[in-house]
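Data block below; observations after.
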Amino acid sequence: MANIMIQRGSKTEYVFYLPKRDLEDDIISMEFNTPEKWGGEIKLNNGGCYYIEPQAAPARLPISLRAKRLDAAE
Amino acid sequence: MSALTREETEALIQEVLEVYPEKAKKDREKHLAVNDQSIEQSKKCITSNRKSLPGVMTIRGCAYAGSKGVVWGPIKDMIHISHGPVGCGQYSRAGRRNYYVGTTGVNTFGTMNFTSDFQEKDIVFGGDKKLAKLITEIEQLFPLNKGISVQSECPIGLIGDDIEAVSKKAAKEIDKPVVPVRCEGFRGVSQSLGHHIANDAIRDWVLPRREGKPFEGTPYDVAVIGDYNIGGDAWSSRILLEEMGLRVVAQWSGDGTIAEMEKTPYVKVNLIHCYRSMNYIARHMEEKYNIPWMEYNFFGPTKVAESLRAIAALFDDKIKEGAERVIAKYQPLMQAVIDKYKPRLQGKRVMLYVGGLRPRHVIGAYEDLGMEVVGTGYEFGHNDDYDRTIKDMGNATLLYDDVTGFEFEEFVKKVKPDLVGSGIKEKFIFQKMGVPFRQMHSWDYSGPYHGYDGFAIFARDMDMTLNNPCWGKMQAPWLKKPEAEAEQKAA
Ligand code: SF4
């Protein structure tokens with residue numbers, strides 16, 4: 001599990017930020033993206049893949065979350 | 001000499017790597033790259049923020065330097081204790097030329113060195129008592145200080161002192177903020193982690209202090225984040241923002257005060273100059289206080305105008321007009337500077353190797369003068385810095401991360417730039433090689449270089465260095481070959 005931050009992006013809806021690695025990348029897809037259910041598997045532009053516990057969509061961004069790494073592009 | 005092609009640059013990197021043992025070669029290879037603008041993500045071509053190889057000459061600093069020297073040090077009305085042996089603080093004292101207004105020793109303390117001067121006995125029995133005593137003494141001798149920060153040097157972490165407990169207790173006693181910072185030099189691979197630790201300390205110990213207190217804000221409040229006022233940089237930036245109608249509430253941290261920092265959560269936008277050292281706190285404020293942040297670049301008129309417009313776009317028409325007015329006002333002045341110096345500097349090639357933001361930020365200023373940056377690199381940059389650099393640099397230019405003394409020398413010998421911009425540790429090597437050199441950390445005791453006023457000084461300094469007659473006198477007259485002389489006359 002890693003601490004991550006999700007922000008609004010300019011090119012894509014969300015941007016992913018992993019402070020530990022200074023990894024800042026666009027999120028190209030998110031499994032659930034509705035007000036009630038938000039999160040799940042997220043895919044990054046660099047090919048990486050993370051998982052955040054599905055939850056109600058946050059009232060505002062950015063937000064710090066815990067995420068599980070499914071597949072990091074390295 | 002014309003620009004190198006991609007193949008030539010690649011060959012050059014291989015040639016320089018040749019001398020290393022197999023393992024070192026493999027490691028260093030990842031830190032050297034040929035720029036390719038089509039790459040979106042820097043980590044495909046360059047590795048950064050890794051431990052330097054033992055045995056090579058690196059010019060990185062330590063976490064303590066990042067916290068005390070960069071982030072905390074310039075906060076002028078606080079006293080920053082270099083907690084540990086005397087050397088770390090004394091040898092770095094006042095070296096960064098963070099200018100400030102105030103009476104040193106009375107209400108400001110920027111150039112002074114406070115240290116707990118650890119002796120053997122403190123290492124053996126612990127230094128907590130000494131720290132408590134020191135804080136009491138400081139309070140007696142310098143009653144106008146607005147707070148104290150405890151900047152840990154290496155031994156503090158090693159012997160396991162509890163500076164947090166001492167600080168909490170002392171803060172109650174003197175009724176001022178006392179901030180323990182765990183920035184022991186051995187943490188992390190460079191000063192970069194020190195910046196992060198310092199940001200976290202501000203987040204935990206400074207920002208919450210004013211929460212919920214009244215603040216008379218305006219819709220035009222901004223904070224300048226990550227400008228350390230080196231040679232007056234923050235001042236020449238601030239006046240532009242004020243001229244366009246914004247109110248600068250806080251300067252982080254050059255010529256800044258702790259009161260300003262505490263008020264920052266009330267501003268409308270955080271403007272970040274040095275992204276590397278202060279993006280952490282900006283991201284935190286965005287999340288916690290809902291304050292957007294943006295990066296700007298105040299080097300060279302093109303970038304200044306671009307940045308002023310981008311900043312104004314976040315505000316209403318009044319500010320947008322203000323920005324245009326400021327740009328129009330300085331435009332003729334800047335044109336005069338360019339007209340004067342561009343003919344003397346046109347086509348010259350520069351190699352840079354600096355710290356946090358300058359390896360990419362100053363490129364625009366050089367381009368304004370018709371010069372070209374042919375190589376650049378960061379001492380302690382991370383992936384996100386290189387992400388931002390790739391687009392600013394030309395194709396097939398050199399990128400080098402945490403470059404070693406040897407590599408940098410070889411690169412300069414082969415690429416033959418007309419000017420090298422780096423720090424004091426490189427300065428004399430290159431000057432003795434006969435390559436004009438400017439210090440791009442401390443502006444060679446000149447400055448400011450930010451903003452419009454700064455550009456005029458920047459242009460003059462570059463001309464002064466590059467076209468200095470001394471470069472033609474590098475060889476003793478009796479060693480001069482006749483044909484070289486003829487060549488010089490022709491030139
Ligand atoms: S590495 Fe440790 S001993 Fe050296 S300057 Fe930094 S804090 Fe001081």
Side-chain angles (χ1 to χ4, degrees), chain A residues 1-30 32-33 35 38-74, chain B residues 30 38-50 66 187-190 192-193 195-200 203 270 272 275-295 310 313-314 356-357 378 380-391 401:
Chain A
M1 292 291 257
N3 280 318
I4 61 141
M5 197 185 241
I6 293 185
Q7 309 159 288
R8 290 221 180 280
S10 51
K11 270 181 276 160
T12 50
E13 189 174 4
Y14 302 117
V15 171
F16 176 94
Y17 178 63
L18 176 60
K20 249 260 145 91
R21 295 174 154 247
D22 281 292
L23 171 68
E24 199 178 24
D25 204 352
D26 294 333
I27 295 179
I28 48 169
S29 79
M30 188 185 274
F32 308 110
N33 194 1
W38 184 89
E41 235 178 86
I42 50 179
K43 288 211 169 61
L44 306 186
N45 190 22
N46 72 3
C49 188
Y50 288 77
Y51 179 80
I52 46 180
E53 209 49 63
Q55 50 187 284
R60 70 181 169 85
L61 293 173
I63 184 170
S64 288
L65 297 164
R66 304 273 293 162
K68 200 155 75 203
R69 191 174 72 193
L70 299 177
D71 182 22
E74 210 59 29
Chain B
K30 298 184 204 139
S38 64
I39 292 186
E40 281 290 332
Q41 285 233 308
S42 62
K43 75 168 186 266
K44 297 214 173 94
C45 70
I46 196 161
T47 307
S48 57
N49 199 29
R50 291 283 185 280
R187 294 185 198 272
V189 298
S190 65
S192 188
L193 190 69
H195 305 144
H196 199 153
I197 295 170
N199 276 229
D200 288 354
R203 176 193 72 195
N270 278 323
I272 304 202
Y275 170 84
R276 179 72 276 130
S277 61
M278 284 203 175
N279 76 79
Y280 317 102
I281 198 75
R283 287 178 197 274
H284 166 71
M285 284 195 261
E286 183 177 26
E287 181 173 13
K288 184 154 181 209
Y289 306 105
N290 213 357
I291 306 172
W293 53 278
M294 66 165 288
E295 296 167 57
L314 302 172
L357 72 153
Y378 296 82
F380 50 83
H382 297 200
N383 281 334
D384 43 357
D385 290 303
Y386 287 98
D387 285 345
R388 288 162 167 76
T389 312
I390 290 174
K391 302 280 172 236
D401 176 68

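A, B, ... follow the sequence lines: proteins, then strands. Residue 1 opens every chain. Heavy-atom basis, side chains included; hydrogens, waters and symmetry copies ignored.
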Separation between CD of B:Glu287 and CE of A:Met5, rounded to the nearest 0.5 Å:
4.0 Å
Between CG of B:Asn290 and CZ of A:Arg60, what distance do you get to the nearest 0.5 Å?
4.0 Å
Indicate yes or no: does B:Glu286 engage A:Arg8 in a salt bridge with an N to O separation below 4.0 Å.
no
Evaluate whether atom NZ of A:Lys68 has more than 12 neighbouring non-hydrogen atoms of other residues, nucleotides or ligands under 6.0 angstrom away.
no
Shorter than 4.5 Å, heavy atoms on both sides: which option in B:His382, B:Lys288, B:Arg283 has the most such pairs with chain A?
B:Arg283
Which portion of B:Asn279 sits near chain A, non-hydrogen atoms under 4.5 angstrom:
side chain
Output the option from A:Asp25, A:Asn45, A:Leu61 having the highest count of non-hydrogen pairs under 4.5 Å with chain B.
A:Asp25
The criterion is salt bridge (charged side-chain N to carboxylate O under 4.0 Å, His left out); which residues satisfy it with A:Glu41, sequence neighbours excluded?
A:Lys43
